[in-house]
Amino acid sequence: MYKKARDEYAGLKSYTAEETELLPDSEETEWENESGNGAGRDTITVDFEALRAINPDIVAWIRIAGTEVDYPVVQGEDNGYYLTHTFTGAENSAGTLFLDYRNAGDFTDSISMIYGHNRKDGSMFGNLKAFLDEAYFSEHGEIQLYLPSGLRIYQITACEKISASDGLYQFYGSDFAENGENSESNIIVEQDTGQEVESGWQENTEDGDAEKTLENSSEQEVRLAEDSGQEQKTKELILSTCTSDSDTRLIIRGELTGAE
């Protein structure tokens, strides 16, 4: 299972090409100080037309330079199918990185959530736990998200463990939460055990539970605004995976800082 998935995703990288983006003079010093890579940012070009011919569900390509994260991102009709299917549709426990089906596919929601498995071999989102190390965190400071419309840069602001029932999974900051859909099910990406993955969902169907979720969401919305020191309209990208504790999730927070 591991080799088949790795081979597939390695093959998909043939639809990307590396290049070096020259930064404006105003950004050169900052980039040199943060990464030591000089006045340039390593980026890629993505052949979305060719990838769409393989799988029309593709919405983006995500990359964190210097890490294992370098994959296509899809969006299905639900949050279940791509837990156990690769980009080409092969049944495999590696699954595919996928955007929550309730999010806008162009990442215009105030919060966009991408899920991926915590694989033992470090593939998919199995590498995210490395960001808990302060040195590693400081050396890998940005997420590159390639859309058919262009490149978006997200500055990584946090790596943290949160409860699987955290109000964040109710998408309190996304546009669809305003449409009364904040009581939707929460996807749970299971810890990789080397076996086939069973997807799990939590339903908030009781009035008491729904009320509590809304209260938690409101509290976190205020906390996020206070932490960022900006208006709630800031665009945030969340990368979410599981941990060895079934009640805990590991997330990476990224704040949109630029678009090209």
Side-chain angles (χ1 to χ4, degrees), residues 1 5 9 51 55-62 69 71-119 123-126 128 143 145 147 161-193 195-205 209-210 213-214 216-217 220 235-243 245-254:
M1 287 291 186
Y9 288 109
L51 288 168
N55 186 343
D57 286 345
I58 187 169
V59 291
W61 189 287
I62 189 172
V69 180
Y71 296 104
V73 179
V74 297
Q75 184 178 38
E77 295 180 356
D78 55 42
N79 285 341
Y81 180 79
Y82 284 111
L83 283 172
T84 56
H85 292 81
T86 65
F87 183 81
T88 62
E91 190 168 350
N92 191 298
S93 59
T96 312
L97 301 188
F98 62 93
L99 176 68
D100 192 286
Y101 79 100
R102 296 164 292 174
N103 270 129
D106 59 359
F107 291 83
T108 53
D109 286 331
S110 54
I111 292 180
S112 297
M113 179 84 74
I114 297 177
Y115 303 98
H117 285 305
N118 180 7
R119 302 283 284 173
S123 62
M124 311 315 288
F125 279 169
L128 294 191
I143 301 168
L145 189 71
L147 308 180
K161 292 182 178 181
I162 63 174
S163 169
S165 59
D166 192 286
L168 176 66
Y169 290 101
Q170 298 301 321
F171 289 87
Y172 57 86
S174 68
D175 294 338
F176 58 70
E178 299 175 2
N179 296 326
E181 297 183 26
N182 57 320
S183 59
E184 285 278 5
S185 305
N186 296 334
I187 187 67
I188 299 177
V189 182
E190 298 294 341
Q191 171 77 7
D192 176 25
T193 61
Q195 300 177 347
E196 290 297 325
V197 176
E198 295 182 1
S199 60
W201 293 79
Q202 291 182 340
E203 297 281 357
N204 290 325
T205 55
D209 291 340
T213 297
L214 289 171
N216 291 341
S217 297
Q220 291 191 38
K235 305 295 185 187
E236 188 175 28
L237 180 66
I238 304 290
L239 311 183
S240 177
T241 192
C242 59
T243 69
D245 180 357
S246 62
D247 295 325
T248 303
R249 300 289 174 263
L250 178 71
I251 64 169
I252 297 287
R253 293 179 181 268

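Being a predicted model, the structure only gives us computed values, none of them experimental. Values below: every heavy atom of this structure, side chains too, minus hydrogens, waters and symmetry copies.
No side-chain heavy atom of S112 sits under 4.5 Å from any side-chain heavy atom of K235. The closest side-chain heavy-atom distance from L250 to F125 is not below 4.5 Å. Residues Y169 and I162 have side chains in contact (heavy-atom distance under 4.5 Å, counting atoms from C-beta outward).
The nearest pair of heavy atoms linking V69 to M124 is CG2-O, 4.1 Å. Between A94 and A5, the closest heavy-atom pair is CB-CB, 3.5 Å. When every heavy atom of R253 is checked against every heavy atom of E236, the shortest pair comes out as NH1-OE2, 3.2 Å. Residues A60 and L145 share a closest heavy-atom pair of CB-CD1, 3.8 Å.
Side-chain atoms of D100 never come within 3.5 Å of backbone atoms of M113 as a donor-acceptor pair (strictly under, hydrogens ignored). A donor-acceptor pair is defined here as one N or O able to donate and one able to accept, closer than 3.5 Å; such a pair exists between the side chain of N79 and the backbone of Y101. At least one donor-acceptor pair closer than 3.5 Å links the side chain of T241 to the backbone N or O of N118. Side-chain atoms of N103 come within 3.5 Å of backbone atoms of I111 as a donor-acceptor pair (strictly under, hydrogens ignored). Formation of a donor-acceptor pair under 3.5 Å by the H117 side chain with backbone atoms of L83 is found in this model.
Distance check, rounded to the nearest 0.5 Å: CD of Q75 to CG of D106 gives 9.5 Å. The OG1 atom of T86 lies 12.0 Å from the CG atom of L97; values are rounded to the nearest 0.5 Å. The CD1 atom of I114 sits 12.0 Å away from atom CD1 of I252, with the distance rounded to the nearest 0.5 Å. With values rounded to the nearest 0.5 angstrom, C242 atom SG is found 10.5 Å from R119 atom CZ.
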*Please lay out, stage by stage, how D166 and I251 fare under the test side-chain contact (heavy atoms from CB on, under 4.5 Å).*
CA-CA 11 Å; D166 192 286; I251 64 169; over 6 Å; no
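Side-chain contact annotation: Y81 with D57, donor-acceptor N/O pair under 3.5 Å absent. Side-chain contact, D245 with T243: no donor N or O sits under 3.5 Å from an acceptor N or O.
Remark: of the listed residues Y71, Y82, Y9, Y115, Y9 is the sole one forming a side-chain hydrogen bond (donor to acceptor under 3.5 Å, both in side chains) with T96.
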